[in-house]
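Both ligands and their constituent atoms are indexed starting at 1 by order of listing.
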Amino acid sequence: MTFYNKSIAQVTMKILKYILPLLLTGYLNTAKAANPADTIIHSNGNPIIRHEYTADPAAMVYKGKVYLYTGHDQAPANQNGYVMHNWTCFTSSDMVTWTEHSSPLNVKDFAWAKADAWASQVIERNGKFYWYVAVEHGTIPGKAIGVAVSDSPLGPFKDARGSALITNDMTKAMKHPWDDIDPSVIIDKDGQAYLFWGNGICYYAKLKPNMTELDGEIKTITLPHYTEAPWIHQRNGWYYLSYAYEFPEKIAYAMSRNINGPWVYKGIINELAGNSNTNHQAIIDFKGKSYFIYHNGALVPDAGSFHRSVCIDYLYYNTDGSIKRVVMTSEGVKKVK
Ligand code: FUB
């Protein structure tokens, strides 16, 4: 075989191995929505989205719907590294039928940022929606956290500050420049909002009522084998801080009666996710059930750590409030009646 023929054969093999399965699985579970910019997806088990790669899920329940915000793995098939330019939004009233809304946020919406649409989370306050995102800062070396705002959970979102909320020079606990990633946000019962984030260590700080400025010092929380991806949620008088544990990542959690701790480490919730170094969870309650939303690298053979896909399984609590280990399934969750 000549060199030329060999290259054609290699390219053909790559198309058959990576791109064709993605196109086929995507085609089979999508349809056009009422709004031409939107697409209806009938998820058929895990991963729930099959026509593109989705990562770093964050979910919000608002007015009877789940809003699922994800990152978007866009690396070429053979590239082992994150290529992520935008975030996207899917909504569902039954956890099985999802509508994908036209990409509501891009790194370019933050003039001060230069790359990397990494993990994010949206929260509502007083009818406005705040989208906290991790990106690479354009002039201050390292990752940074920005916040965009909108009057609708579907956008359009715009940079709320015109500058980063957190930059690498504001946090000193870790020497590496990517410690300011993975924002998670909560509004406590008394109206006080908190931002949690961090790689290598978990940082947290109060937010002012405007949701776009810190209110006081940045503190740290010590958690066993903490890697990244904090997710803060509250339920029946307990605060839960789940996070990526070790690397490759499992998901573990700690509980506290007070958002300022002390946090009691409770153990692993989720094992390594199939074919991905990262796992990145979101936890919500919706219409009487609890859900564990995460990503794996199992959409197509060899998808892996840089071509991830969002999955959803049930999460169950024990009567004392502790969390049972998640069973990751291919079937996923059932349609909510
Ligand atoms: O998607 C980029 C990074 O991978 C996220 O910020 C981490 O949580 C991990 O999922």
**Request:** Could you list the atoms of ligand 1 found under 4.0 angstrom from a heavy atom of A119?
**Result:** 6 (O)
**Prompt:** Does W112 have its ring centroid less than 6.0 Å away from the ring centroid of H137?
**Reply:** yes
**Asked** Looking at T278, which atoms of ligand 1 are within less than 4.0 Å of one of its heavy atoms?
**Response** 9 (C), 10 (O)
**Prompt:** Centre of Y317's six-membered ring, under 6.0 Å away, within 45 degrees of the axis: is that where NZ or CZ of R235 sits?
**Reply:** yes
**Prompt:** Less than 6.0 Å separating the ring centroids of Y62 and F129?
**Reply:** yes
**Prompt:** If you count the atoms of ligand 1 from 1 in the order shown, which ones are under 4.0 Å from a heavy atom of R308?
**Reply:** 1 (O), 2 (C), 4 (O), 9 (C), 10 (O)
**Asked** Can you check whether Y243 and W231 have ring centres sitting under 6.0 Å from each other?
**Response** no
**Proximal atoms of ligand 1 relative to H280 (non-hydrogen, under 4.0 Å)** = 7 (C), 8 (O), 10 (O)
**Item:** Nearest neighbour in protein (non-hydrogen) for atom 9 (C) of ligand 1
**Value:** E228 OE2, 3.4 Å
**Message:** Taking D116 first and then K143, would you say they form a salt bridge - that is, a charged N and a carboxylate O separated by under 4.0 Å?
**Reply:** yes
**Message:** With nothing but distance in play, are any N or O atoms of W118 less than 3.5 Å from an N or O of ligand 1?
**Reply:** no
**Message:** How far is atom 10 (O) of ligand 1 from the closest protein heavy atom, and which atom is that?
**Reply:** D56 OD1, 2.7 Å
**Item:** Ring centers of Y226, Y265 separated by less than 6.0 Å
**Value:** no
**Request:** For atom 6 (O) of ligand 1, grab the closest protein heavy atom and report residue, atom and distance to one decimal in Å.
**Result:** D182 OD1, 2.6 Å
**Item:** Pair W197 and Y203, ring centroids less than 6.0 Å apart
**Value:** yes
**Prompt:** Non-hydrogen atoms of E249 versus ligand 1: any pair closer than 4.0 Å?
**Reply:** no
